[in-house]
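Residue numbering restarts at 1 for every chain, and letters A, B, ... go by the order of the sequence lines.
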There are 2 protein chains.
Amino acid sequence: MSFPASAPSHTTCTGAMRSVRDSLDLLGGKWKLPIIVGLSGGPQRFKQLQREVAGITAKMLSKELKDLEINGLISRHVQADAAPVAVTYTLAAYGRTLFPVIEALHAWGQQHRAHIMHAGEAVAA
Amino acid sequence: MSFPASAPSHTTCTGAMRSVRDSLDLLGGKWKLPIIVGLSGGPQRFKQLQREVAGITAKMLSKELKDLEINGLISRHVQADAAPVAVTYTLAAYGRTLFPVIEALHAWGQQHRAHIMHAGEAVAA
DNA sequence: GATAGCGGTTTCCCAAAGGATACCGGTATG
DNA sequence: CATACCGGTATCCTTTGGGAAACCGCTATC
């Protein structure tokens, strides 16, 4: 259940690391998580999403969405019936299993920001 | 406490993303987490650690250790008394606050691996 | 007919990440 | 004297990540 709390001994820790690195490979980079969070509020169309993920270029968004779809985290729907061909991206159920991970990163990042500020105060004071 | 479960609305999600990206900036890259896990079992000396983190070069290990130390996640101790100058690296208390994050990444990565295998089975069967 | 939006792709380019190798001064060991 | 271990550093190189801008066909709108 937990990664070894003590005595890594090469083999044990190497094993635990594999899965950690797997996660990081899928979620690493600048845009994967922002996109997932951007979709967490409901389906979005390409340009909508690009506006929401502030700063991302069309090229990056396109590429990252492909990656995420390949890994089953999101799904792409094309409505050819509509006149200018609407495309919507939806966070898949499997993508939602990432929420605890995002939560953990979010919580730590927030606490870390507070930690930094606190250290800064002592200096600034 | 939790990142917005619905209706991101730009501002909300942008705020939540900042801390997530902060975490990723500190922990991202190929080696940071492996090193932390490597130290989770107790203090290690440089070469010991390099052997444990399988595959890392001295240059990378040295650089990453500096980064981690600057961020207060680990601490470096030099024992000049010993003849060939021993250096030990220890996971700081603050570094241990990362355990929940690592746990989350570990758990998801492990589940993901199972997920992939499962999908593979259907094909392989 | 011009302009704007959609959903992208293509090309070019730069900076950062990271690997390989050699080397450093020190000691101990054969 | 040669070799190996320690804790690194310096140099060079390739790979990757990612940004900028132009462009695509199509539609709707002024």
Side-chain angles (χ1 to χ4, degrees), chain A residues 10 17 20-39 42-71 74-91, chain B residues 17-18 20-39 42-71 74-91:
Chain A
H10 312 279
M17 275 318 306
V20 175
R21 303 270 298 95
D22 283 355
S23 302
L24 236 45
D25 285 350
L26 281 192
L27 305 178
K30 197 172 178 181
W31 299 115
K32 298 272 167 54
L33 287 178
I35 291 172
I36 290 173
V37 173
L39 287 176
Q44 296 273 83
R45 298 179 50 172
F46 189 88
K47 290 276 175 169
Q48 272 179 323
L49 192 51
Q50 183 175 5
R51 270 178 240 116
E52 177 134 13
V53 179
I56 196 170
T57 62
K59 172 190 154 189
M60 272 300 122
L61 182 56
S62 169
K63 185 204 144 207
E64 301 287 73
L65 285 171
K66 274 174 199 160
D67 286 2
L68 292 172
E69 197 194 358
I70 285 173
N71 288 301
I74 67 171
S75 54
R76 192 181 114 114
H77 310 274
V78 184
Q79 293 134 256
D81 53 327
V85 186
V87 181
T88 52
Y89 294 89
T90 310
L91 188 57
Chain B
M17 275 319 305
R18 240 206 336 256
V20 175
R21 304 271 297 94
D22 284 353
S23 301
L24 237 44
D25 285 350
L26 281 193
L27 307 178
K30 199 171 177 181
W31 299 115
K32 298 271 166 54
L33 288 178
I35 291 172
I36 290 173
V37 172
L39 287 176
Q44 296 272 83
R45 298 180 51 174
F46 190 88
K47 290 276 175 170
Q48 271 179 325
L49 192 51
Q50 183 175 5
R51 271 178 239 116
E52 178 135 11
V53 179
I56 197 171
T57 61
K59 172 188 155 191
M60 273 300 122
L61 182 55
S62 169
K63 185 205 144 205
E64 301 288 73
L65 285 171
K66 274 174 198 160
D67 286 1
L68 293 171
E69 196 193 0
I70 285 173
N71 287 301
I74 66 171
S75 54
R76 192 181 114 114
H77 310 272
V78 184
Q79 292 135 254
D81 54 325
V85 186
V87 180
T88 51
Y89 294 89
T90 310
L91 188 56

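Here the side chains of B:L39 and B:L68 are not in contact, with every heavy-atom distance at 4.5 Å or above. Side chains of B:R51 and B:K47 form a contact here, defined as non-hydrogen atoms less than 4.5 Å apart. Within the 4.5 Å cutoff, the side chain of B:L65 has no heavy atoms near those of the B:R76 side chain.
Counting to the nearest Å, the C1' atom of C:dG8 and the CG atom of A:D67 are 16 Å from each other. One can place CG of A:L61 at 17 Å from C1' of D:dA21, the figure rounded to the nearest angstrom. Note: NZ (B:K32) to C1' (C:dG18) measures 12 Å, nearest angstrom. In this structure, B:Q50 atom CD and C:dA20 atom P are separated by 12 Å, rounded to whole Å. Across the protein-nucleic acid pair, A:R21 atom CZ and C:dA17 atom P stand 15 Å apart, rounded to whole Å. Look at CD1 on A:I35: it is 15 Å from C1' on C:dG7, rounded to the nearest Å.
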- [ ] Encode nucleotides 3-17 of chain D as B, S and - characters from 5' to 3', where the letter depends on protein heavy atoms closer than 4.0 Å: B to the base, S only to sugar-phosphate, - to neither.
- [x] ---SBBSBBB-----
Kindly list each side-chain donor-acceptor pair under 3.5 angstrom involving residues 29-36 of chain B, sequence neighbours excluded, with atom names and distances?
none

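Between A:R21 and A:D25 a salt bridge is recorded (basic side-chain N to carboxylate O distance below 4.0 Å).
Here the CD atom belonging to A:E64 is positioned 10.0 Å from the CD1 atom belonging to A:I74, to the nearest 0.5 angstrom.
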